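Throughout, numbering of the chain's residues begins at 1 and tracks the sequence. Owing to the predicted nature of the structure, the values given are computational and were not obtained by experimental measurement.
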Amino acid sequence: MSKYEQHFTEAAYDMASIAKMTPQDLSAIGITDPKIRSTFTAEIQKLNIPESLPDYIPCSLEEWLKLLNLYCYFESLSQQ
C-alpha cells in the first residue's frame, strides 16, 4: 500500500481527512483498482480519529494571530 502514499500527499490529505474518505474520493486521487479501493475503504473504517477542534477559542483576531505567530498580519487584516 505504500506505493499509493504519493496519491494522498499530492492531494493534500492528512489523517483526519483520510478518515472521512469515501471510495469516490479514493478514485478521485487515482486509486482506481476496485480491489485496492476496497482494501483502503476497509482500513479507513478501522481508523478511530476524533474530530480535533481546539478547546480554547481566542477571543479576538489579535489573540488568534499571536497564537499562530502571524501577528505581523494583524494591521492589514484589521483594515480589511
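Transitive grouping of hydrophobic side chains (ILVMFWY, heavy atoms separated by less than 4.5 Å) keeps Leu67 and Ile57 in distinct clusters.
Lys20 is linked by a side-chain hydrogen bond (donor to acceptor under 3.5 Å, both in side chains) to Glu51, counting only residues two or more places apart in sequence or in another chain. Residues meeting the side-chain hydrogen bond (donor to acceptor under 3.5 Å, both in side chains) test with Ser27, sequence neighbours left out: Arg37. The side chain to side chain contact (heavy atoms under 4.5 Å, CB included) test applied to Glu43 returns Lys46, not counting sequence neighbours.
Between the CD atom in Glu5 and the CD atom in Glu10 there is a gap of 10.5 Å [rounded to 0.5 Å]. Atom-to-atom distance recorded for Leu61:CG and Leu70:CG is 10.0 Å, nearest 0.5 angstrom. With rounding to the nearest 0.5 Å, the separation of CG in Leu77 from CH2 in Trp64 is 8.0 Å. To the nearest 0.5 angstrom, Ile29 atom CD1 is 7.5 Å from Phe40 atom CZ. The line from CD1 of Ile44 to CE of Met15 is 8.5 Å long, rounded to the nearest 0.5 Å. In this structure, CD1 on Ile18 lies 7.5 Å from CD1 on Ile49, to the nearest 0.5 angstrom.
When every heavy atom of Leu47 is checked against every heavy atom of Ala19, the shortest pair comes out as CD1-CA, 4.0 Å. Across all their heavy atoms, Phe74 and Leu65 have their closest contact at CA-CD1, 3.5 Å.
Residues Ile31 and Phe8 are in side-chain contact: their nearest non-hydrogen atoms beyond the backbone lie under 4.5 Å apart.
In Glu62, the CD atom is crowded: over 12 heavy atoms of neighbouring residues, nucleotides or ligands sit closer than 6.0 Å.
Using a 3.5 Å distance cut-off with no hydrogens or angles, the side chains of Gln24 and Thr22 do pair a donor with an acceptor.
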